[in-house]
Amino acid sequence: MSQHPQTNAIRIQTPLTSQHEHSTPLFLTSSFQFETAEDMQGAFAETNDHNIYSRFVNPTVQEFIDKVCALEGAEDGFATATGMAAVFGSFMTFLSAGDHILSSPAVFGSTHTILTKYLQRWGIQCTYANFSNPAEVEAALRPNTKMIYLETPTNPGLDVFDLQWIGKLCKEKNIIFNVDNCFATPLLQRPIDFGADLVIHSATKWMDGQGRVLGGIVVGKKELIREIYLFCRNTGPSMSPFNAWVLSKSLETLDVRMQRHCDNAEALARMLEGHQQIKAVRYPTLPSHPAYAIARQQMRRGGGIVTFELHGGAEAGVKFMNGLKMLSLTSNLGDTRSIASHPASTTHSKLQPEERLLVGITPGLIRISVGLEHITDIIADVQQALDALV
Ligand SMILES: *Cc1c(COP(=O)(O)O)cnc(C)c1O
């Protein structure tokens with residue numbers, strides 16, 4: 001295969017069928033048939049690689065997996081119905097009663113719920129540490145720490161953590177290093193290059209990029225993915241072939257889309273930095289970002305999300321949202337359409353105020369997922385909604 005991951009994301013394809021198709025075919029079949037009983041026996045014994053059943057593997061799903069592996073520089077992967085199924089599957093495959101998982105507190109809302117509510121029920125300990133502070137992380141490790149989990153950049157606070165340092169720590173202590181790379185995408189950051197063992201994506205976001213289907217994937221070391229595969233083939237969170245077909249086509253344009261998302265996000269972040277209604281702007285590759293040097297070291301560009309804190313707090317947040325004329329109010333992100341959200345009054349409204357602050361959500365925080373519309377129109381809409389706050 002060609003060297004460049006971008007090329008592989010376009011050119012990797014399931015073996016051609018007898019129909020000589022050029023674009024990728026959709027294998028919308030739940031099971032696969034065998035010529036002989038021996039073939040079937042061999043498939044179950046894994047002495048041949050005949051497809052069996054789409055809960056295990058499906059050629060269209062495999063094509064999507066192969067492309068993401070090429071992009072992330074991963075050995076193998078397993079695709080799931082949603083990003084949360086990938087997160088949950090990666091936890092449940094490796095964590096047993098008595099184990100400890102150490103996570104950054106700033107994780108996707110449902111991940112926070114799994115970590116703090118459900119894992120305890122099965123006797124798995126979870127604690128949070130601030131991964132910007134190495135001493136705090138080292139002090140939080142326990143003899144039974146099995147996994148370190150984090151997102152970088154985080155949702156929605158855009159904290160950036162040093163993958164290289166944490167990767168080294170995990171190797172030394174024999175801990176599984178699991179990274180949710182959804183916000184960066186493999187085009188902007190490849191955690192495996194810095195020592196991650198597992199990399200997770202909600203493919204629903206930038207990978208689909210057009211707000212159509214849900215999907216998730218875990219990629220990483222072959223022997224770890226083998227365990228995830230065995231867990232998932234029995235428990236059933238597998239990706240639908242139809243969604244895999246949509247997502248595989250989407251990966252062909254991920255590079256060009258991400259470049260434009262980044263162009264637009266950088267321009268919006270620069271405009272916001274000067275605005276009088278705004279207390280602070282967060283964007284990983286703005287020199288004002290607290291982890292700017294780390295972002296420069298591990299990310300090619302800053303990504304498509306910009307967040308900012310309004311002087312006027314929660315009230316201003318709601319007013320800003322109502323003042324938007326073009327940007328969509330929706331909880332998704334990573335779409336061609338620019339989207340605004342106010343986490344304190346929506347996705348994180350059920351948390352206690354102290355809990356919200358712990359996960360990085362201040363009352364006037366606005367998150368913009370910067371789309372592919374003309375940048376002048378995006379800036380004009382945000383500007384007029386900010387100006388109306390005066
Ligand atoms: C959306 C998201 C998820 C969950 O993915 P779904 O596809 O919605 O299940 C996990 N992590 C991050 C960072 C996300 O943005």
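Please read all numbers here as calculations on a predicted model, not as lab measurements. Every number for a ligand or one of its atoms is a count from 1 in the order of the listing. For this chain, numbers begin at 1 and follow the sequence in order.
- Using a 4.0 Å cut-off between a side-chain N of Lys or Arg and a carboxylate O of Asp or Glu, E46 and R226 qualify as a salt bridge.
- Atom CD of E172 sits in a crowded spot, with more than 12 heavy atoms from other residues, nucleotides or ligands closer than 6.0 Å.
- The nearest protein atom to atom 4 (C) of ligand 1, hydrogens excluded, is given as F108 CE2, 3.4 Å; this is a heavy-atom distance.
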Q | Residue pair R282, D159: steps toward the salt bridge (Lys or Arg N to Asp or Glu O under 4.0 Å) verdict | A | CA-CA 9 Å; R282 270 284 178 101; D159 291 328; 2.8 Å; yes
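- The pair R270-E273 does not meet the salt-bridge criterion, since no charged nitrogen lies less than 4.0 angstrom from a carboxylate oxygen.
- Atom 7 (O) of ligand 1 has as its closest protein heavy atom T204 OG1, 2.6 Å.
- Scanning the protein for heavy atoms near atom 5 (O) of ligand 1, the closest one is S202 OG, 2.9 Å.
- When only non-hydrogen protein atoms are considered, atom 1 (C) of ligand 1 lies nearest to K205 NZ, 1.3 Å.
- Which parts of ligand 1 touch G83 is read off a 4.0 Å heavy-atom cut-off, strictly below it: atoms 5 (O), 6 (P), 7 (O), 9 (O).
- With respect to D381 and K325, no salt bridge is recorded, no charged nitrogen being found less than 4.0 Å from a carboxylate O.
- Ion pairing between a basic and an acidic side chain is recognised when a charged N comes within 4.0 Å of a carboxylate O; R301 and E266 show such pairing.
- Annotation for ligand 1: atoms under 4.0 Å from non-hydrogen atoms of G215 are 7 (O).
- Near F183, with a cut-off below 4.0 Å to any heavy atom, the atoms of ligand 1 are 15 (O).
- Contact annotation: A203 has no heavy atom less than 4.0 Å from any atom of ligand 1.
- Classification of K67 and E252 as a salt-bridged pair holds, one side-chain N sitting under 4.0 Å from a carboxylate O.
- Checking T152, D180, I305 against atom 12 (C) of ligand 1, the nearest heavy atom belongs to D180.
- Those atoms of ligand 1 with a heavy atom of E151 less than 4.0 angstrom away are 13 (C).
- Between N155 and ligand 1, no pair of N/O atoms sits closer than 3.5 Å.
- Within ligand 1, counting atoms from 1 as listed, the ones closer than 4.0 Å to a heavy atom of C182 are 13 (C), 14 (C), 15 (O).
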**Item:** Test log, rule salt bridge (Lys or Arg N to Asp or Glu O under 4.0 Å), inputs D76 and K222
**Value:** CA-CA 5 Å; D76 205 353; K222 208 170 186 62; 3.7 Å; yes
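- When hydrogens are left out, the protein atom nearest atom 9 (O) of ligand 1 is M84 N, 2.9 Å; that is the closest non-hydrogen contact.
- Residues I200 and V219 fail the side-chain proximity criterion, which asks for heavy atoms closer than 4.5 Å.
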